[in-house]
Amino acid sequence: MLYTSLAIGIRFFGGTYSGPAGKFVSDLAPHLRPSFAGSDVVGGVASSASALTDPRTLILVCMLSTAYIAHFNAPKFYRELKNNTMGRFNTVVGVSFGASVALYVAVAAMEQMGRFNTVVGVSFGASVALYVAVAAMGYLTFGSACQGLILNNYSTADSLVGLSRFAVALSLVFSYPLLFVGARDGLLDLAKVSDSDRTNAVQNKVTLGLLGVITALAARLRDLTFVSSLSGAVFGTALIFVYPPLMLRGMVKNMEDKAGGRLRFEKKMAKFTAALGAIVGMIGTKMAFASL
């Protein structure tokens with residue numbers, strides 16, 4: 001992904017897709033060529049500002065909700081970790097986040113929660129910065145012609161981006177099992193299949209069946225914008241904004257008088273967060289279907 005980000009940046013700053021005279025513009029189909037609402041700076045800014053009040057902007061919000069929902073695998077990783085104490089699990093998580101941004105390579109030795117929070121904060125901050133930079137450069141290169149997968153906008157004769165497509169394919173191949181296992185285990189949890197009943201035969205059957213359904217849907221759905229926005233509206237907002245606050249409220253309720261003033265305040269804020277997440281999810285779902 002780092003290489004792809006660099007490739008998008010090089011093409012943006014290099015101007016090879018800017019205007020009719022751009023090196024690769026003539027290779028593109030008409031609907032893939034750069035298209036901007038305004039021809040001058042003032043018009044472009046006005047158009048961008050008006051987009052902030054457009055309900056369709058929630059499609060982007062829902063898409064962004066899918067960026068950090070890999071934590072559904074956290075219970076599985078904790079359960080399968082040898083000598084699974086919270087200290088060891090926190091160390092593993094900290095090292096993973098630190099390696100993802102090539103920072104804090106010595107996280108394995110950390111012991112204090114404050115340092116762990118710092119590592120996680122820096123990691124998420126670096127990820128957010130990368131997402132924003134790539135999204136901005138992609139949009140400023142192609143404008144309203146941006147496709148669900150931005151790499152589809154670039155010319156097939158562009159070897160630099162061609163390598164990016166190969167790199168993204170490798171990333172998807174090796175990261176897909178992590179997401180799939182989370183979906184499979186979640187399905188088994190919904191079916192209330194105990195750990196003792198999850199034999200290899202049962203898991204293989206569920207894997208083949210679920211993989212078949214997902215593959216069939218993937219063959220039919222070609223618009224990645226719709227897939228990403230719908231999954232973000234339904235699952236992303238639920239996992240990030242709805243379920244955690246509800247879990248916090250349940251925990252504080254069970255603590256009764258043991259809950260301090262700070263937890264009681266967080267309980268009130270949790271209700272607001274859950275309601276906001278539900279509203280954003282419903283509007284985002286509606287707008288996702290409207291975009292078809």
Side-chain angles (χ1 to χ4, degrees), residues 1-18 34 36 41 44-45 47-49 51-52 57-74 90 92-108 110 113-144 146-154 160-161 163-165 167-172 174-175 178-179 224-225 228-229 231-233 235-237 239-241 244 273 276-277 280 284:
M1 292 304 174
L2 180 60
Y3 172 80
T4 299
S5 302
L6 290 174
I8 291 175
I10 291 172
R11 288 301 180 234
F12 168 66
F13 290 106
T16 50
Y17 289 89
S18 299
F36 296 91
V41 175
V45 172
S47 177
S48 299
L52 296 177
T57 303
L58 287 176
I59 294 178
L60 174 61
V61 174
C62 292
M63 291 173 66
L64 295 177
S65 296
T66 65
Y68 297 107
I69 60 174
H71 61 262
F72 57 75
N73 272 326
N90 287 340
V92 171
V93 174
V95 172
S96 300
F97 274 112
S100 68
V101 292
L103 293 173
Y104 293 91
V105 293
V107 163
M110 69 182 178
M113 203 60 185
R115 290 195 63 208
F116 174 75
N117 290 338
T118 299
V119 171
V120 173
V122 171
S123 301
F124 272 94
S127 299
V128 169
L130 184 62
Y131 282 131
V132 171
V134 173
M137 290 186 294
Y139 177 77
L140 292 175
T141 301
F142 296 102
S144 60
C146 289
Q147 299 296 293
L149 177 61
I150 192 64
L151 296 181
N152 288 343
N153 279 97
Y154 293 89
L160 183 67
V161 178
L163 289 175
S164 295
R165 294 188 179 98
V168 169
L170 285 179
S171 176
L172 291 174
F174 290 104
S175 63
L178 295 175
L179 302 176
L224 293 182
T225 301
S228 182
S229 59
S231 63
F235 302 111
T237 55
L239 287 172
I240 296 174
F241 300 112
T273 303
L276 180 63
V280 171

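Counting begins at 1 with the first residue of the sequence.
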Student: Within this structure, what is the CD1-OG1 distance for the pair Ile150 and Thr141, rounded to the nearest 0.5 Å?
Tutor: 7.0 Å

Student: Measuring from atom CD1 of Ile10 to atom OG1 of Thr16, what distance do you get when rounded to the nearest 0.5 angstrom?
Tutor: 10.0 Å

Student: Output yes when a side-chain donor or acceptor of Ser171 lies under 3.5 Å from a complementary backbone atom of Ala167, and no otherwise.
Tutor: no

Student: Which pairs, with at least one residue in residues 122-141 and sequence neighbours excluded, count as a salt bridge (Lys or Arg N to Asp or Glu O under 4.0 Å)?
Tutor: none

Student: Let's go through Leu160 and Tyr3 carefully: what are the C-alpha distance in whole Å and the side-chain angles of both, what is the deciding distance for side chain to side chain contact (heavy atoms under 4.5 Å, CB included) to 0.1 Å, and is it a yes or a no?
Tutor: CA-CA 10 Å; Leu160 183 67; Tyr3 172 80; 3.3 Å; yes

Student: Suppose the criterion is salt bridge (Lys or Arg N to Asp or Glu O under 4.0 Å): which pairs have a residue in residues 7-17, not counting sequence neighbours?
Tutor: Arg11-Asp158

Student: Restricting to ring pair (Phe, Tyr, Trp, His ring centres under 6.0 Å), what partner residues turn up for Phe142, sequence neighbours left out?
Tutor: Tyr17, Tyr154

Student: What is the minimum heavy-atom distance between Gly277 and Phe241, and which atoms define it?
Tutor: CA-CB, 3.6 Å

Student: What heavy-atom pair brings Tyr139 and Cys146 nearest, and what distance separates the two atoms?
Tutor: CA-SG, 3.7 Å

Student: Taking all heavy atoms of Val134 and all of Ser5, pick out the closest pair and write down the distance.
Tutor: CG2-OG, 3.3 Å

Student: Looking only at heavy atoms, what is the nearest atom pair of Gly138 and Ile8, with distance?
Tutor: N-CG2, 4.2 Å

